[in-house]
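What follows is a short report on a single structure.
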Amino acid sequence: MDPILSVRNLQVTFSGLGNQSIATSDISFDVFPGEVLALVGESGSGKSVTALSLLSLLTRQAKATGTVRYRGQDLLSLSEKQLDAIRGKQISMIFQDIMNSLNPVLTIGKQLTEPMICHNGLSQAEARTRAVSLLEQTGIRDAQGIMKKYPHMLSGGMRQRVMIAMALSCDPELLIADEPTTALDVTIQLQIMQLLSSLQKARHMALLLITHDLGLVAENADRVLVLYAGQCVECGDVDTILTHPLHPYTRSLLRAVPGIHDARDQRLYNIPGTVPESYGAMTGCRFHDRCPYKAHCRDYEKNAGLLPVTDTHLTRCAYLLGGDCDA
Amino acid sequence: MPEPLLSVRHLTKTYPARRGQKLIAVNDVSFSIDRGEAFGLVGESGCGKSTIARLIMGLEKADSGEICLDGENLLSLRETQRRPHRPRYQMVFQDAASSLNPRRRVRDLIRDPMVEHHILSGDALNARVDALLSMVGLHPDMAQRYPHEFSGGQKQRLCIARALSLNPELLVLDEPVSALDVSIQAQILNLLRDLQKQLHLTYLFIGHGLGAVRYVCDRIAVMYMGRIMESGDSETLFSSPMHPYTLALADASPSADIRLRGRARIALRGEMEDVPQTGCPLYHRCPAAEEACQTRSTALEEIAPGHWTACRRARLLREETNA
């Protein structure tokens with residue numbers, strides 16, 4: 001099967017005040033039709049920058065290099081006008097900041113019909129009928145009533161449902177969801193993730209899920225990319241990554257989350273230190289300073305690329321790949 | 001039995017709402033915390049857990065009820081009478097960055113409470129600041145720096161050091177790790193656990209991440225719309241919940257354990273809404289609700305030793321699951 005989106009060597013550099021800082025480097029991945037791919041990482045790992053750069057949504061100070069291949073064209077080389085034809089139509093996006101992602105002075109109906117009128121050439125009336133049906137598909141009971149409301153009249157969960165309806169209005173092939181539930185309470189998060197998952201399956205749409213929550217990854221993703229300090233440190237199918245991770249960062253992260261059924265006397269694993277500040281210029285392993293294998297690893301100054309563990313599992317740690325995995 | 005260190009009885013706080021109505025933020029809440037115990041309050045945003053913290057600290061005025069520290073009702077004291085008690089209970093807030101004055105050096109920030117309460121002076125004061133910094137895992141040399149020179153996790157360490165400066169008996173921790181990344185969360189949670197043992201502290205730990213609260217606390221109370229729905233031992237509360245809300249909350253918490261993928265989960269319908277304060281506040285969302293839940297009161301009932309639940313169907317549900 002051919003991927004619908006193919007990202008190669010994506011590097012995003014921010015420049016300003018004479019300085020340049022590299023936010024992400026050497027990010028490569030494919031998204032296949034109908035799959036859920038998760039990008040997981042902590043704040044500053046580059047996951048949102050990666051997501052935003054795919055559709056050239058970053059500020060002007062940012063420069064993305066590499067290729068983002070979609071249907072034979074490189075999205076990074078397209079003009080704004082060409083991108084407009086793709087954004088919201090074939091590839092759409094929902095954001096974390098539900099409070100600011102809807103226009104406060106336009107009714108939900110107006111905002112929801114706009115993409116269908118622009119992209120699909122629907123008439124006002126056709127678009128309205130379809131908008132109501134979309135809202136109903138997202139589990140909103142009083143869809144007609146919601147169409148007349150303004151964003152501030154809706155709760156966070158309702159706004160995210162509206163965002164999802166809007167993102168799906170033109171039947172995209174790929175939906176990019178950037179921390180779609182981070183601003184919501186857990187019971188609402190569950191509702192929204194169940195909704196996203198059922199819509200994704202029913203429409204056979206690919207979903208790129210950006211999250212910091214390994215729990216959401218475990219419950220929703222087919223494959224996962226773990227990002228650390230602007231690099232992908234490990235990727236593979238979700239079962240492998242969460243049960244047999246090979247990169248020390250992935251391993252540490254999994255041991256640092258307290259579960260609600262864990263033994264309470266067992267101490268949480270501390271990842272010492274913090275993410276390096278200016279990691280863009282680092283050549284060797286970016287996790288070395290915090291790595292539990294620090295004392296044993298000799299090759300940390302070498303720039304390890306992603307190395308294959310199996311056909312589908314890649315890791316950036318040459319030390320653990322070389323054996324000694326249970327140390 | 002010794003007197004609990006903190007005992008909250010029938011605490012109620014309302015705020016004025018639109019059209020002359022009242023918003024009941026905290027509704028007849030009672031709980032007590034023994035000396036040396038870590039007690040958790042969990043719930044979703046708007047459930048009233050942070051309001052309780054603010055009421056205990058005296059940052060808000062309660063409508064009615066009692067907050068007793070070692071048997072003495074703080075709410076009946078005038079501010080001048082309350083002041084000598086203040087060093088005994090201290091608070092750590094969620095947003096560490098905004099709880100540190102950006103224009104003051106760390107040494108001054110940590111010293112202030114001790115100067116204010118005339119605890120130490122001179123060299124002893126500086127030595128105490130150094131000791132507090134080491135206690136929370138920071139280097140004493142950092143005392144000359146300003147808050148912006150610290151990372152998020154380090155800022156929270158500073159807040160903890162400052163809260164400890166007056167040798168408090170009770171620490172009120174309001175979402176102390178919610179703003180932090182996973183790897184930093186674990187550092188702070190471990191620090192809090194260590195400090196509690198080392199200094200025999202009593203904690204009121206407020207949070208929405210069930211795993212984190214459970215990791216630190218011995219007992220947990222689950223709140224919904226200003227009321228305690230269920231409370232019990234943290235070891236068993238989420239593994240054998242009796243209240244449908246606790247069950248839903250535990251089910252909704254994402255788990256990185258791949259074996260739990262696709263598990264049957266209870267999803268609550270709809271969202272938290274203002275409902276008439278008769279009957280169960282969860283009524284319109286609850287999967288187990290029946291007609292009578294809408295009108296009958298739901299007082300906490302001890303369903304097993306130390307395990308309290310406010311669901312009138314809990315006993316029935318339990319019998320059904322056991323059958």
Side-chain angles (χ1 to χ4, degrees), chain A residues 40-45 139 141 155-158 181 183-191 193-195 211-221 228 238-243 249 252-275 277 290, chain B residues 43-47 137 151-154 177 179-191 193-194 208-218 224 234-235 237-239 245 248-263 265-273 285:
Chain A
V40 66
E42 299 180 278
S43 41
S45 62
R141 266 172 290 163
S155 68
M158 290 294 255
T181 56
L184 305 173
D185 275 318
V186 280
T187 59
I188 307 299
Q189 165 168 283
L190 176 59
Q191 293 174 356
M193 287 315 299
Q194 287 181 337
L195 171 69
T211 180
H212 66 278
D213 190 330
L214 287 167
L216 288 184
V217 172
E219 287 164 7
N220 297 286
Y228 181 78
V238 70
D239 288 34
T240 310
I241 300 299
L242 295 184
T243 51
Y249 176 64
S252 304
L253 206 54
L254 280 165
R255 289 165 61 202
V257 188
I260 61 169
H261 301 296
D262 294 353
R264 280 190 61 232
D265 48 7
Q266 203 176 334
R267 201 175 162 79
L268 273 186
Y269 179 70
N270 257 0
I271 304 179
T274 49
V275 181
E277 263 172 40
R290 308 176 75 189
Chain B
E44 299 178 279
S45 42
C47 73
S151 68
Q154 287 176 323
V177 298
L180 304 173
D181 267 319
V182 177
S183 69
I184 310 300
Q185 258 184 34
Q187 294 176 4
I188 300 293
L189 291 174
N190 281 334
L191 173 70
R193 256 175 51 151
D194 295 344
H208 65 266
L210 302 189
V213 175
R214 187 175 167 277
Y215 183 68
V216 174
C217 298
D218 308 306
Y224 186 72
S234 53
E235 200 70 63
L237 190 66
F238 299 128
S239 54
Y245 183 64
L249 211 53
D251 267 356
S253 298
S255 166
D257 188 342
I258 207 82
R259 287 165 303 181
L260 297 175
R261 188 179 177 136
R263 66 190 181 275
R265 302 159 103 186
I266 300 229
L268 292 178
R269 298 185 297 255
E271 305 179 0
M272 200 188 281
E273 281 171 34
R285 300 182 71 188

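By convention in this document, chain letters (A, B, ...) are assigned in the order of the sequence lines, proteins followed by strands, and residues within each chain are numbered from 1. These numbers come from a predicted model, not from an experiment.
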If you count heavy-atom pairs under 4.5 Å between each of [options] and chain B, which one has the most?
| options | value |
| --- | --- |
| A/A218, A/S155, A/G273, A/G259 | A/A218 |
| A/R264, A/Q191, A/Q189, A/R290 | A/R264 |
| A/V186, A/L268, A/D262, A/T243 | A/L268 |

Legend entry - Over 12 non-hydrogen atoms of neighbours within 6.0 angstrom of CZ in A/R141: no
At a heavy-atom separation under 4.5 Å, does [X] approach chain B through its side chain, its backbone, both, or neither?
| X | answer |
| --- | --- |
| A/M158 | both |
| A/T187 | both |
| A/L242 | side chain |
| A/R255 | neither |
| A/E42 | both |
| A/Q266 | backbone |
| A/L190 | side chain |

Inset, instruction - May I ask you to say whether A/R267 pairs ionically with B/D194, meaning some side-chain N is under 4.0 Å from a carboxylate O? - result: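 Salt bridge between A/R267 and B/D194, a charged N being under 4.0 Å from a carboxylate O: yes.
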Can you measure from [atom1] ([X]) to [atom2] ([Y]) and round to the nearest 0.5 angstrom?
| X | Y | atom1 | atom2 | value |
| --- | --- | --- | --- | --- |
| A/D213 | A/T181 | CG | OG1 | 7.5 Å |
| A/E219 | B/D257 | CD | CG | 10.0 Å |
| B/E271 | A/I188 | CD | CD1 | 4.5 Å |
| B/R265 | B/D251 | CZ | CG | 6.5 Å |
| A/I260 | B/L210 | CD1 | CG | 5.5 Å |

Chain A contact via [X] - side chain, backbone, both or neither, heavy atoms under 4.5 Å:
| X | result |
| --- | --- |
| B/R193 | side chain |
| B/L189 | side chain |
| B/C217 | backbone |
| B/V213 | neither |
| B/I266 | backbone |

Legend entry - A/Y228 vs A/V275, side chain to side chain contact (heavy atoms under 4.5 Å, CB included): CA-CA, chis, key distance, verdict: CA-CA 8 Å; A/Y228 181 78; A/V275 181; 4.1 Å; yes
Legend entry - Smallest separation among heavy atoms of A/L253 and A/I271, with atom names: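 That would be N-CD1, 3.9 Å.
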Legend entry - Atom of A/H261, atom of B/F238 and distance for their closest heavy-atom approach: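 Minimum heavy-atom separation between A/H261 and B/F238: CE1-O, 3.7 Å.
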At a heavy-atom distance under 4.5 Å, which candidate from [options] has the highest pair count against chain A?
| options | value |
| --- | --- |
| B/V182, B/L268, B/L260 | B/V182 |
| B/R269, B/R259, B/E235 | B/E235 |
| B/G262, B/A250, B/S255 | B/S255 |

Legend entry - Check: A/V238 and B/R261 side chains under 4.5 Å, non-hydrogen atoms: yes
